Amino acid sequence: MRRPIKQIHRALFLALQADAKEFPGGIKAIAQTMGMNGNTLANGINPDHDAPPPSFGVILEIISLAQARRAVFALARLVGQVPMDFELDDRDPADAVRLFMALVNSASQSLATGSERAKDGYFCADDRRALEP
């Protein structure tokens, strides 16, 4: 017998639940905004409850309303991706490009340092400290 989808993708539903709880007024406020019953929504996103999960459309609306970054990161992990979390909405295009290029430069330097430190195949405490920034 196949495990319930909320158990198969437990990390996603835990992230969605945590993000929804942080919305002002919590899950019940999100449900009210969406015109849903609060208990139905809470049970639907609870991976430990046997209620069926909400539709993908409802999940997307929760993500949008709650600005559910944890859930977005969990979705990205399902396909082996890692999103980068930085705000571009309030920036002019030139500033957004500068911010992105600074991030790429910083990541490049970190990868170069990590590659150099990984040559011996062992990461000691000193290597971890060097890569922490």
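What you see is a predicted model, and the numbers here were worked out from it, not measured in a lab.
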Cluster link [X] to [Y], ILVMFWY, side chain under 4.5 Å:
X	Y	value
Ile30	Met36	yes
Val97	Val104	yes
Leu78	Ile5	no
Phe23	Phe73	no
Val82	Ile63	no

When you compare the side chain of [Y] with that of [X], does any pair of heavy atoms fall below 4.5 Å?
X	Y	result
Asn39	Lys28	yes
Arg91	Arg98	no
Leu41	Asn37	no
Pro54	Ile45	yes
Ile8	Phe13	no
Thr113	Asp127	no
Arg70	Leu14	no

Could you grab the distance from atom [atom1] of [X] to atom [atom2] of [Y], nearest 0.5 Å is fine?
X	Y	atom1	atom2	value
Glu116	Leu111	CD	CG	13.5 Å
Ile59	Ser64	CD1	OG	13.5 Å
Cys124	Arg129	SG	CZ	7.5 Å

Minimal non-hydrogen separation, [X] against [Y], with atom names:
X	Y	value
Ile62	Ala20	CG2-CB, 4.2 Å
Asp19	Ala66	O-CB, 3.9 Å
Ala74	Ala11	CB-O, 4.2 Å
Gly38	Ala31	CA-CB, 3.5 Å

For atom CD of Gln7, is the number of surrounding heavy atoms from other residues, nucleotides or ligands below 6.0 Å larger than 12?
yes
Does any N or O in the side chain of Ser106 come within less than 3.5 Å of the main-chain N or O of Ala102, such that one atom is a donor and the other an acceptor?
no
Partner of Asp48 under side-chain hydrogen bond (donor to acceptor under 3.5 Å, both in side chains), chosen from Arg10, Lys6, Gln17:
Arg10
